Amino acid sequence: MLQSKSFVKKTKQGRLQKVVREHYLRDDIYCGFVPCSVCDAAAERKLAAAAAAILVVDTNVVLHQIDLLENPAIEDVVVLSVVLEEVKNKNLAVSNRIKALCTNKARRFYVFANELHRDTYVKDMVGESSNDRNDRAIRVAARWYQSHLGGSVKVLLITNDRDNKRKAIEEGLNAETVESYVRSLAQPGLLDLVVVPTSGDVTMEDVEDHRPSKKKVIYSEHKPMSEITSGLRCGIYHQGKLRVNRYNPFEAYVGSESIGDEIVIRGRSNMNRAFDGDIVAVELLPQDQWHESKSFIADDDEEEVHLVPNSADDAPRNTSSTQSTVGSSAPSVSSRPLGRVAGIIKRNWNLYCGSLQPMPMPAGSGGVAHALFVSKDRRIPKIRIQTRQLENLLNKRIVVAVDSWDVLSRYPSGHYVRTIGDIGDKETETEVVLIENDINTRPFSTQVLACLPPLPWTLSPEDLANPNRQDLRHVRVFSVDPPGCRDIDDALHCSLLPNGNFEVGVHIADVTNFVHPGTPLDEEAAQRGTSVYLVGQRIDMLPKPLTEDVCSLRADVERLAFSVIWEMTPDADIISTRYTKSVIKSCAAMSYVEAQARMDDSRLVDPLTVDLRNLNSLAKIMRQRRCERGALTLASAEVKFEIDSETHDPLDIGIYQIREANQMIEEFMLAANISVAEKILKHFPLCSLLRRHPSPTKEMLEPLLRTASSVGLNLDASSSKALAESLDNAKRDDPYFNKLIRILATRCMTQAVYFCSGDLTFSEYYHYGLAASLYTHFTSPIRRYADVVVHRLLAAALEIAKLPPIFQDGPQLTGIADNLNYRHRNAQMASRASVELHTLIYFRTRPTDTEARIVKVKANGFIVFVPKFGIEGPIYLIPKGEKGGDWVVDEVHQRVTKPGTNISYAVLQTVRIRMEVVEPQPHRPKLQLTLI
């Protein structure tokens with residue numbers, strides 16, 4: 001049966017165009033109920049014969065009650081195609097979750113293609129809204145199920161929409177609200193998962209609340225979108241993403257392109273119920289209110305010991321002006337604009353991990369208790385929840401979702417989702433890290449695994465016969481990686497040519513030979529974005545058969561690669577560059593330590609060692625040239641652990657050592673990435689995926705310049721080249737001084753980001769840290785999806801593969817880049833959090849005295865950096881929470897002095913500290929630093 005569907009779409013030129021498409025209706029779409037005798041016996045069946053009822057859920061139930069649906073108590077659910085499409089258009093995250101439920105063979109969720117079935121397809125009615133049409137389609141599908149199953153099982157429409165429920169009952173359908181159905185299951189704990197509907201829906205049954213009534217309006221109403229849109233157009237409001245200060249949750253920042261500056265938002269009132277990551281509309285406060293606040297170390301529950309920041313995004317923000325003494329009260333006017341949130345354009349509510357604020361058990365049992373949830377992420381405000389299982393949740397790590405935030409409530413309202421485990425348990429806290437950073441840890445689905453090649457994989461005659469793939473198995477190729485690495489992305493070769501030049505090749509795993517565009521495997525990799533590395537654990541972007549076997553460039557096995565090959569002079573001048581798909585057979589897979597030992601051992605003169613030395617000589621010249629162009633040599637304090645093989649607890653902790661071998665590999669990976677960036681941009685100037693590193697702003701560099709000035713050091717930060725030269729000249733008798741200055745410089749840098757070349761001008765492509773006009777990521781496709789995209793671009797540029805259609809869709813490409821930035825950032829934060837967790841575990845039983853360096857002076861103490869362990873944290877000179885005291889702060893010289901004594905502390909000064917784990921609250925351990 002053939003129907004025609006028409007809709008109107010807007011062209012790129014802004015014109016409206018009517019599109020008519022043929023719509024085929026079928027009668028061979030089956031119900032999925034196991035005992036059904038009408039449907040084809042071979043059809044998929046997921047709805048159990050013993051089901052008490054078949055549930056047909058509407059769109060809003062999926063959108064708002066997804067936490068409930070994911071609970072194993074909810075089964076035998078029909079998800080209509082019209083519902084899936086609506087959910088996909090409204091919330092991609094929920095769409096992915098409901099799809100995962102439907103594809104999970106262990107769950108009884110069945111997708112019914114009602115829009116393709118002859119008996120359930122509904123035509124649009126004149127004057128009917130799309131929402132009403134879809135609600136009608138849901139009722140028609142429920143009625144078809146009721147008729148089709150003939151009373152053998154109850155069919156129940158679940159909806160919180162009052163009007164939809166009324167119409168369903170009038171049409172002879174069984175219909176219930178979410179809460180009513182959950183109550184019928186006689187599992188009180190499930191009621192904690194039910195989201196309280198909004199005012200337009202059926203209301204929840206009243207729950208007695210013994211808290212005092214608070215009618216005072218605490219926050220301003222958010223402006224409606226119509227007013228926000230017009231306000232943005234005429235400059236009254238400014239749009240941007242709100243980022244809450246990681247170290248001070250009462251301060252936030254909104255980067256605004258309309259005024260070309262960052263707007264500071266101070267206080268919960270001015271944040272006006274906005275969450276970190278929300279897209280907001282901000283209005284500026286009058287300029288006479290742009291006062292700076294005094295710079296204090298935050299109170300005990302806000303400032304903790306943490307890893308040394310490796311960018312400005314990780315670092316505590318410093319917006320304070322100079323203060324002469326702690327007691328000084330004269331405000332100063334800031335040059336930075338201050339504002340308040342006028343409205344929310346797009347919410348960024350996620351699942352949050354934490355625990356309930358300690359409280360006494362209420363009298364009686366079995367009733368509803370009101371509790372405050374405290375997120376581990378201090379940027380998140382406390383969340384008010386109601387629960388019927390308070391006793392089971394205290395001193396547990398739990399997951400909570402936010403439902404709403406009323407102007408009358410100091411805190412947002414939410415609901416309990418699930419319990420993770422005991423506070424302080426390592427497995428529990430690791431899962432918290434993963435959830436907090438939205439890391440996908442679900443097993444790969446059967447659809448994804450079905451995309452893998454048959455195992456064991458071997459090189460085929462077709463691969464060798466491919467004219468676009470060069471056989472390089474005779475070339476002496478090798479890899480150098482961290483010890484124990486099994487997902488080997490890259491390998492190299494270095495051959496001496498008859499003319500005295502070198503042929504140098506970088507060979508990268510040909511992942512796109514196995515990951516094809518548009519497949520479930522590709523979609524899963526695109527969604528994950530990157531592999532995530534925790535202490536002793538890796539969460540893969542791709543299934544292990546690919547990462548550790550088929551694609552991994554292991555020694556003594558034939559593998560497919562994508563190669564960049566240069567002819568270089570002994571002075572590292574590039575004579576020519578070529579790109580080719582290839583077949584390689586690595587002769588050695590070395591660790592950095594092994595490669596370094598070979599190069600350092602003068603007794604070794606074998607061909608492999610000679611190749612290493614030649615590469616290293618070239619790399620040194622290339623590195624020097626990069627630095628001369630203005631590339632920054634920054635320093636980090638990357639921590640490594642020795643892990644107990646049985647308990648998986650840390651046995652030792654130290655700073656990761658960077659060797660020449662590390663720098664050698666890095667240099668050639670950078671060169672390959674730059675060469676590929678040039679190639680793909682030449683062929684695809686509007687749709688290349690590149691990576692840029694924006695220059696740090698004056699405000700970002702100010703802490704570094706002020707610290708340097710306080711010790712008599714004049715840093716020129718007018719350009720990356722000027723800063724690089726200044727850092728090279730920053731020397732003192734103290735052997736650690738230069739590295740410390742470079743660490744401080746690192747924390748001033750912006751984050752590098754992926755972008756689509758068509759979205760920016762060429763001057764904006766610049767990579768500040770590398771001093772490179774063009775850069776991309778090509779060398780790690782096993783663990784980064786960005787590199788997979790770039791491999792496809794390069795193959796198309798070489799005309800050995802067609803460019804996938806997605807590259808013609810600018811907004812979709814931009815969306816891919818945005819997701820890659822989001823996933824990359826989350827992976828970094830998860831890795832840092834894992835290191836911080838294992839650092840805490842390590843010091844639980846090992847109180848340690850060590851040296852630290854003061855890196856920032858505050859009005860009530862200072863922040864120290866501990867070089868041996870790569871962490872920093874607060875030292876209090878005034879008891880926590882107190883604002884008084886007789887310490888005098890000299891911000892200009894970054895010194896704090898106690899009057900009448902010779903006791904003073906200055907920035908970069910060495911102090912002795914004690915590191916030990918304390919419990920300021922039961923079950924809440926933290927690492928504390930104190931002077932000794």
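Computed from a prediction, not measured in an experiment: that's the story for all the values here.
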Electrostatic pair Arg598-Glu594, nearest N-O below 4.0 angstrom: no

Ring geometry between Phe562 and His791 (parallel below 30°, tilted from 30 to 60°, perpendicular above 60°): perpendicular

His777 side chain near Val790 side chain, heavy-atom distance below 4.5 Å: no

Atom pair CE/CG of Met622 and Leu670 - distance to nearest 0.5 Å: 8.0 Å

Check ion pair Arg486-Asp549 (N to O, under 4.0 angstrom): no

Basic-acidic side-chain contact under 4.0 Å: Asp471, Arg469: no

Electrostatic pair Arg626:Glu667 at N-O distance under 4.0 angstrom: yes

Salt bridge Arg559-Asp510, side-chain N to carboxylate O under 4.0 Å: no

Electrostatic pair Asp600-Arg613, nearest N-O below 4.0 angstrom: no

Backbone of Val515 reached by a side-chain donor or acceptor of Thr512 within 3.5 Å: no

Main-chain N/O of Gly518 paired with Asp522 side-chain donor or acceptor, under 3.5 Å: yes

Distance (rounded to the nearest 0.5 Å) between Asp481 CG and Ser591 OG: 9.0 Å

Trace of the side chain to side chain donor-acceptor pair (under 3.5 Å) decision for Ser763 with Thr761: CA-CA 6 Å; Ser763 62; Thr761 62; 3.3 Å; yes

Asn673 (side chain) donor-acceptor with Met669 (main chain) under 3.5 angstrom: yes

SB check Glu660 Lys620 (cutoff 4.0 Å): yes

Whether Thr750 side chain and Ser695 backbone form a donor-acceptor pair below 3.5 Å: no

Asp787/Arg691 salt bridge by N-O under 4.0 Å criterion: no

Contact summary for Gln663 and Ile658, nearest pair of heavy atoms: CG-CG2, 4.1 Å

Exercise: identify the closest heavy-atom pair between Cys494 and Asp611: O-OD1, 3.0 Å

Heavy-atom donor-acceptor pair, Ser95 side chain to Asn91 backbone, under 3.5 Å: no

Donor + acceptor pair across side chains of Asp463, Ser460 (<3.5 Å): yes

Student check: side-chain heavy atoms of Glu567 and Phe502 closer than 4.5 Å: no

Polar contact flag, side-chain donor to acceptor under 3.5 angstrom, His824-Gln751: no

From CA spacing to verdict: side chain to side chain donor-acceptor pair (under 3.5 Å), Arg578, Gln470: CA-CA 12 Å; Arg578 63 188 178 94; Gln470 186 175 355; 2.8 Å; yes

Validation row: Thr779, Asp489 side chains within 4.5 angstrom (heavy atoms): no

Non-hydrogen side-chain atoms of Val506 and Ile508 separated by less than 4.5 Å: yes

Salt-bridge contact Arg476-Asp606 (side-chain N to carboxylate O under 4.0 Å): no

Tyr765 six-ring centre to Arg692 NZ/CZ under 6.0 Å and within 45° of normal: no

Expected output: side-chain Ser688 to main-chain Phe684 donor-acceptor under 3.5 Å: yes

Pair Arg538 + Glu548, salt bridge at N-O below 4.0 Å: yes

Salt-bridge criterion met for Glu678 and Lys682 (N-O under 4.0 Å): no

Sidechain N-carboxylate O distance under 4.0 Å for Arg623, Glu666: yes

Atom pair OG1/CG of Thr530 and Leu820 - distance to nearest 0.5 Å: 9.0 Å

Leu813 CG to Tyr754 OH distance, which is reported to the nearest 0.5 Å: 15.0 Å

Check: Ser563 side chain, Ile565 main-chain N or O, donor-acceptor pair, under 3.5 Å: no

Rounded distance [0.5 Å steps], OG in Ser675 versus OH in Tyr579: 4.5 Å

Salt bridge present between Asp487 and Arg783 (N-O < 4.0 angstrom): no

Side-chain heavy atoms of Ile584 within contact of Leu560, under 4.5 Å: no

Side-chain touch Asn440/Glu524, heavy atoms, less than 4.5 angstrom: yes

Donor-acceptor contact present, side-chain Ser531 to main-chain Asp540, <3.5 Å: no

Test item: Leu727 and Leu723 side chains (from C-beta on) under 4.5 Å apart, heavy atoms: yes

Step-by-step side chain to side chain donor-acceptor pair (under 3.5 Å) determination, Asn662 to Gln657: CA-CA 9 Å; Asn662 298 72; Gln657 183 181 350; over 6 Å; no

Aromatic contact, Tyr766 with His693 (centres under 6.0 Å): no

Met568 and its side chain to side chain contact (heavy atoms under 4.5 Å, CB included) partner, picked from Ile575, Val504, Ile621: Val504

Ring centroid separation His516 to Phe514 under 6.0 Å: no

Approximate separation, where rounding is to 0.5 Å, of Lys585 NZ and Arg473 CZ: 8.0 Å

Check: Leu632 main-chain N/O paired with Arg742 side-chain donor or acceptor under 3.5 Å: no

Side chains of Thr547 and Ser552 in contact at under 4.5 Å (non-hydrogen atoms): no

From CA spacing to verdict: salt bridge (Lys or Arg N to Asp or Glu O under 4.0 Å), Asp573, Arg625: CA-CA 10 Å; Asp573 293 318; Arg625 284 184 186 156; 3.0 Å; yes

Test log, rule side chain to side chain donor-acceptor pair (under 3.5 Å), inputs Tyr785 and Asn819: CA-CA 10 Å; Tyr785 188 74; Asn819 182 62; over 6 Å; no

Lys721 NZ: over 12 foreign heavy atoms closer than 6.0 Å: yes

Modelled atom types, side-chain donor and acceptor of Glu628 and Gln624, under 3.5 Å: yes

Stacked cation flag Arg784 on Phe778, 6.0 angstrom / 45 deg: no

